[in-house]
4 protein chains.
Amino acid sequence: MPQVREAYREARRKQIIDAAYRCFAEKGFQKTTVRDICKAANLSVGAVYNYFRSKDDIIAASGEEDQRRIAEMISSAAAADPEDPLGNLVRVFLPLANEPEFVRDAVVTFDLCSQSSRDPEIAEGFRKTLDAALDHLVEPVKRQQKRGVLNAKLDPYSVAAVLVAVYQGFRYLRVFYPEIDADGFGSVCEAMVRGISATKGER
Amino acid sequence: MPQVREAYREARRKQIIDAAYRCFAEKGFQKTTVRDICKAANLSVGAVYNYFRSKDDIIAASGEEDQRRIAEMISSAAAADPEDPLGNLVRVFLPLANEPEFVRDAVVTFDLCSQSSRDPEIAEGFRKTLDAALDHLVEPVKRQQKRGVLNAKLDPYSVAAVLVAVYQGFRYLRVFYPEIDADGFGSVCEAMVRGISATKGER
Amino acid sequence: MPQVREAYREARRKQIIDAAYRCFAEKGFQKTTVRDICKAANLSVGAVYNYFRSKDDIIAASGEEDQRRIAEMISSAAAADPEDPLGNLVRVFLPLANEPEFVRDAVVTFDLCSQSSRDPEIAEGFRKTLDAALDHLVEPVKRQQKRGVLNAKLDPYSVAAVLVAVYQGFRYLRVFYPEIDADGFGSVCEAMVRGISATKGER
Amino acid sequence: MPQVREAYREARRKQIIDAAYRCFAEKGFQKTTVRDICKAANLSVGAVYNYFRSKDDIIAASGEEDQRRIAEMISSAAAADPEDPLGNLVRVFLPLANEPEFVRDAVVTFDLCSQSSRDPEIAEGFRKTLDAALDHLVEPVKRQQKRGVLNAKLDPYSVAAVLVAVYQGFRYLRVFYPEIDADGFGSVCEAMVRGISATKGER
DNA sequence: TATGAATGAGCTTTCATTCAT
DNA sequence: CATGAATGAAAGCTCATTCAT
């Protein structure tokens, strides 16, 4: 019985988080009112406060969801092509730039980032999932280094960090340049990956 | 006389923008109240409204200032070492990561980024200076391509874009990882730059 | 349930309008603050804004109420004495001059009048009820003309207009002359009404 | 020399009052800012405060001016036709309804009226000039009564009051009905004046 | 649990007035 | 006398949160 009740609560929470995420994407955290969220979730104000202690609580939960999604995408993209996991990242992520949610979600991420620096609770959840994302990259990097495909002298954590940085930096630019040349960007990225490939001397 | 008057007005505006920037860095745009800005600028509320039409106006001005600063840093860094302008970027920018303002300012940039997607006026000022920053990079890239140092097949605008992306992505990570290994990050970047260097075949 | 809900809302609206009217009479529209109204209505600021979109909205509603009251008085006064409806108007309205609300309400009407010339929303509601008031007068005037009591050559709408004008003009004077001789004023009015009576030749 | 200075001050005061009156007509007393008045008068804020102690002071002066104008018009209209001074009033005042300033000025009068009930200083100036206007009417009324043209049994002050009331009431209606039938209104007025004329029995 | 009316602190902005120049 | 930058009280309005039903 508590099993059922718990599942019910979880479903409601997810319903609220999803609604909130849509609102946040559209209007930002601060300009989204609790009423906006309630309306979007088809719930009354009181109901929402049964599942979350405060608006900040909803923001934090939304942030974790946002990061969880990114981490998931990274790990599945890296796992999809064991032969060339890093190259596959570029092939998987760049086309996303044309999805309508791309900018919408990017803006939420950057909003979260700036909130994080003020609210430790948000930062906490954020970092946890960012850690997970990085871990999902470090592993294939190490594997490729062992296989002699990547320059073994480079710190695998740093490589993973640069990859994430390039991705987030691309999202950042994309916010301002909807017409950005994603393919050109991808070509430069691929060329750069060659720069961290193992050469004869470094093998 | 109008010369003096105008200079006076400019000085006051700068005083307000600087104060506002500090507040924004500390509390974010929305949580910063106009009164906070006034207090930080040592001015009365009415005085501030003599120089700016609204809080949004101050945000927009702050945003332009933020971008102008970045563009300036990029152009001066690229100009400092004509032999290796791109490599110099890494050498100039990475050490900044340890400055106390690094995270503080990064957070403002990302806040601005997310505001931009909602407020066209902010986006306008932002994009203008982002354009300038990119232009300052495209030029040395082209020069290096002509000199046969960089792979001429790559689109110079895309190269510039990736460089900016890496920088902003690094700032992003730095917000969450104060302990991030900047040197390791730099090493990977340098290795990557080698990936876009001209090789014999492409020369 | 919606029946009850609706009735509840209407009751609250009336509560607010009444409180607002008292404030407006005492201090005028502009000098009455929303907080004044809230205090007078024994409600919090937020509560009031649950029932009205803005202060102007409250003013408009108050204005309609004000006009509605006048129209109602006119129509009931005219209906009370079918033999001499116009004469009855004088008999009914003049004694009101001694009521304490007389000046208080007059001032609201004139304030509304001047607001109307600027705010179309207020003017709209105002005119609608003024129309109704005039209509309530035109009908008895026409009836008296048919009965041969009033000069049939006069435009009944103009007669109604003059009657309203005399009433409002009297209120106007009363604002400045609390000691005005209402009976003398009434005598002159009655004499004037004789001037628009049908004479042998016009019968 | 003080003569000249005094004349200069008077000229400036009039300049300000006129500008203020235009502003008040357009936006109402409360929504007119001191800056509006200064701009309309082509003077700096400080300059205006050299001639008036406060905004209320300007309003009061404007009000006296407004009433002075009406009193002047009444007295000159009544004096113009010694044979039929009252009839002449109708002939002079009704055509004014088509002047563009008619409604504009009416609104100021009603605004003043409602301010008067709150501000004794305004009321004071207002009443003084209203007294003058009434006096200018009482005299010809008395004269006509002596000549046996008007019913001598009526209180001349009340007659004057009704005349002013009709005029102000007409202005009031005109605010809401730009299309009001002024001629019809005039005909009714003339018929009414006949009602207060002396008849054989009352002569 | 669900509801949504009520709360009131706190926000941005305006504006009458002062006063150093 | 003229100027207009500076002041700061106070305005209208919003919104996170509570709580009786």
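Order of the sequence lines sets the chain letters (A, B, ...), proteins ahead of strands, with each chain counted from 1. What you see is a predicted model; the values in this text were computed from it and never measured.
A donor-acceptor pair is defined here as one N or O able to donate and one able to accept, closer than 3.5 Å; no such pair exists between the side chain of D:Asp111 and the backbone of D:Val108.
Listed pair D:Asn50 / F:dA2 meets the phosphate criterion, a side-chain N or O lying under 4.0 Å from OP1 or OP2. For E:dA2, one of the phosphate oxygens OP1 or OP2 lies less than 4.0 angstrom from a side-chain nitrogen or oxygen of A:Tyr8.
With F:dA6, F:dT17, E:dT7 as the candidates, the nucleotide lying closest to the side chain of A:Arg35 is F:dT17. The C:Arg9 side chain lies nearest to E:dA5 when the options are F:dC13, F:dA11, E:dA5. If you check E:dA6, E:dT13, F:dT17 against the side chain of C:Ala47, the one that comes closest is E:dA6.
The side chain to side chain contact (heavy atoms under 4.5 Å, CB included) test with B:Leu112 singles out one residue from B:Asp119, B:Val107, B:Asp66, and that residue is B:Asp66.
Contacts of B:Arg12 with the nucleic acid, taken as non-hydrogen atoms under 4.0 Å apart, involve only primed sugar atoms and P, OP1 or OP2. Here B:Tyr51 lies in heavy-atom contact (under 4.0 Å) with sugar-phosphate atoms only. Using a 4.0 Å heavy-atom criterion, one finds that C:Val34 contacts the sugar-phosphate atoms exclusively.
Taking 4.0 Å as the cut-off between side-chain N and carboxylate O, C:Arg68 and C:Glu65 count as a salt-bridged pair. The pair B:Lys14-B:Asp18 meets the salt-bridge criterion, with a side-chain N (NZ, NE, NH1 or NH2) lying under 4.0 Å from an Asp/Glu carboxylate O. Electrostatic pairing of C:Glu6 and C:Arg12 does not count as a salt bridge here, judged by no charged N lying under 4.0 Å from a carboxylate O.
Rounded to a whole Å, the CZ atom of B:Phe52 is 13 Å from the P atom of F:dA6. Atom NZ of B:Lys31 is separated from atom P of F:dA16 by 10 Å (rounded to the nearest Å). Separating the CG atom of D:Asn42 from the P atom of F:dT3 is a distance of 10 Å, rounded to the nearest angstrom. At whole-Å resolution of the value, CD1 in A:Ile59 and P in F:dC15 are 14 Å apart. The distance from atom CG of B:Asp57 to atom C1' of E:dT14 is 16 Å, rounded to the nearest whole Å. At whole-Å resolution of the value, CZ in D:Arg53 and P in E:dT18 are 11 Å apart. If you measure from atom CD of C:Gln15 to atom P of E:dA5, you get 14 Å, rounded to the nearest angstrom. Atom CD1 of C:Ile37 is separated from atom P of F:dG12 by 8 Å (rounded to the nearest Å).
The cationic group of B:Arg69 lies under 6.0 Å from the six-membered ring centre of B:Tyr21 and within 45° of the ring axis, placing it in a cation-pi geometry.
Residues A:Ser54 and D:Leu43 both approach DNA chain F. Their nearest nucleotides, taken by heavy-atom distance, put D:Leu43 toward the 5′ side. Checking D:Tyr49 against A:Val45, the closest nucleotide of DNA chain E that is more toward the 5' end is the one next to A:Val45. Checking C:Ser44 against D:Thr32, the closest nucleotide of DNA chain E that is more toward the 5' end is the one next to C:Ser44.
Both key distances under 3.5 Å define a Watson-Crick or G-U pair, and stretches of 3 or more such consecutive pairs in DNA chain F run E:2-21 with F:2-21.
Remark: the A:Ser54 side chain and the A:Asp57 side chain contain no N/O donor-acceptor pair separated by less than 3.5 Å.
Using bins of under 30°, 30° to 60° and over 60° for the plane-to-plane angle, the ring pair D:Phe176/C:Phe126 lands in the parallel bin.
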